[in-house]
Amino acid sequence: MFTGIITDVGTIESVEQRGDTRAVVRTAYDTDTIDLGASIACSGVCLTVVDKGPGWFAVDISGETVSRTAQGQWTAGRKLNLERAMKLGDELGGHIVTGHVDGVAEAVGIRPEGDSQRIEFRVPSELAPFIAPKGSVTVDGVSLTVNEVADQPDGSTHFSINLIPHTQAVTTLGALQQGQVVNIEIDVLARYLQRMEYYRGKR
């Protein structure tokens, strides 16, 4: 379980194709405090540490994960938002994040708004019901609040968030470019509400 509060920006140092994709990630974390088998969210994707050394850890990424996450995510040189799993008693500074990506979104508009950036994303129709104004959404592992939602004629939905200077500085989103694709995790509560509504409709 995670909170969507990023604590390091790592870099993929190398990628090796085995049965799955193995990535070695450079990090500022003290890897002596990371156990093998520990979970680390990498740009919103919960992955298991399978090897480590001073200043780096390795993860295996399944074909299923590669197919469901942002294209080009798992390449050498790519920056990743990192968050270690919550411990009991940790402050919940963002919102409850599982590290299970629901889909991807495209950045379709970026403009300054005061010292912040207003970023508009497009999500496909299957994610549209789960995005609500003032609700929470996880973008590349970062917990954010949805400002506005606009349904589009093609069934997709546009939503916007504000990125304050601090978040720009300590995550990869500060370098986001228009047209770039990001990982999206919807609010876990929205998942359960949708499931409840589905079964209510069957009665």
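All heavy atoms count here, side chains included; hydrogens, waters and symmetry mates do not.
Salt-bridge formation is not detected for the pair Arg22/Glu16: no Lys NZ or Arg NE/NH1/NH2 atom is positioned less than 4.0 Å from an Asp or Glu carboxylate oxygen. Salt-bridge formation is detected for the pair Glu148/Arg118: a Lys NZ or Arg NE/NH1/NH2 atom is positioned less than 4.0 Å from an Asp or Glu carboxylate oxygen.
Ile110 and Val181 fall into different hydrophobic clusters, where Ile, Leu, Val, Met, Phe, Trp and Tyr side chains are chained together by heavy-atom contacts under 4.5 Å. Tracing side-chain contacts under 4.5 Å through hydrophobic residues (I, L, V, M, F, W, Y), one never reaches Leu176 starting from Val9; they form parts of separate clusters.
Residues Val97 and Glu185 have side chains in contact (heavy-atom distance under 4.5 Å, counting atoms from C-beta outward). You'll find the side chain of Ile12 stays beyond 4.5 Å of the side chain of Val24, heavy atoms only. Side-chain atoms of Gln73 and Leu80, non-hydrogen and from C-beta on, do get closer than 4.5 Å to each other. Contact of the Ile40 side chain with the Val59 side chain is not registered, since no non-hydrogen atoms from C-beta on lie closer than 4.5 Å. In this structure, Phe130 and Ile184 have side chains that are not in contact, with every pair of non-hydrogen atoms separated by 4.5 Å or more.
Atom-to-atom distance recorded for Ile186:CD1 and Glu126:CD is 11.0 Å, nearest 0.5 angstrom. Interatomic distance, Asp187 CG to Ile131 CD1, rounded to the nearest 0.5 Å: 9.5 Å. The CZ atom of Arg84 sits 13.0 Å away from atom OG1 of Thr3, with the distance rounded to the nearest 0.5 Å. Interatomic distance, Cys46 SG to Phe2 CZ, rounded to the nearest 0.5 Å: 4.0 Å. Rounding to the nearest 0.5 Å places CD1 of Ile34 at 11.0 Å from CH2 of Trp56.
Between the side chains of Thr157 and Gln152, not a single donor N or O lies within less than 3.5 Å of an accepting N or O. Residues Asn162 and Gln117 have side chains that never bring a donor and an acceptor to within less than 3.5 angstrom of each other. Side-chain contact of Ser43 with Asn183: a donor-acceptor pair under 3.5 Å is absent, judged by distance alone.
Heavy atoms only, all atoms of each residue included: Phe159 and Val146 are closest at CB-CG1, 4.1 Å. Scanning both residues, Thr31 and Pro54, for their nearest heavy atoms gives OG1-CA, 3.7 Å. Contact between Ser116 and Ile164 at its shortest, heavy atoms only, is OG-CA, 3.6 Å. Scanning all heavy atoms of the two residues, the minimum distance from Asp32 to Lys52 falls at O-NZ, 3.9 Å. When all heavy atoms of Lys79 and Thr11 are compared, the closest pair comes out as NZ-OG1, 3.0 Å.
Side-chain N or O atoms of Glu83 include none that pairs as donor or acceptor with a backbone N or O of Ile6 at under 3.5 Å. The main-chain N or O of Arg122 is never found under 3.5 Å from a side-chain atom of Glu106 such that the two would form a donor-acceptor pair. At distances below 3.5 Å, not a single donor-acceptor pair connects side-chain atoms of Tyr29 with backbone N or O atoms of Phe57. In this structure a side-chain-to-backbone donor-acceptor pair under 3.5 Å is missing from Asp35 to Gly37. Checking side-chain atoms of Thr69 against main-chain N and O of Thr65 turns up a donor-acceptor pair under 3.5 Å. Side chain of Glu13 to backbone of Val25: no donor-acceptor contact under 3.5 angstrom is found.
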Side-chain donor/acceptor pairs under 3.5 Å, residues 166-174, sequence neighbours excluded:
residue, atom, partner, partner atom, Å
Gln168, NE2, Leu163, O, 2.9
Thr171, OG1, Thr167, O, 2.7
Thr171, OG1, Leu173, N, 3.2
Thr172, OG1, Asn81, OD1, 3.4
Thr172, OG1, Asn81, ND2, 3.0

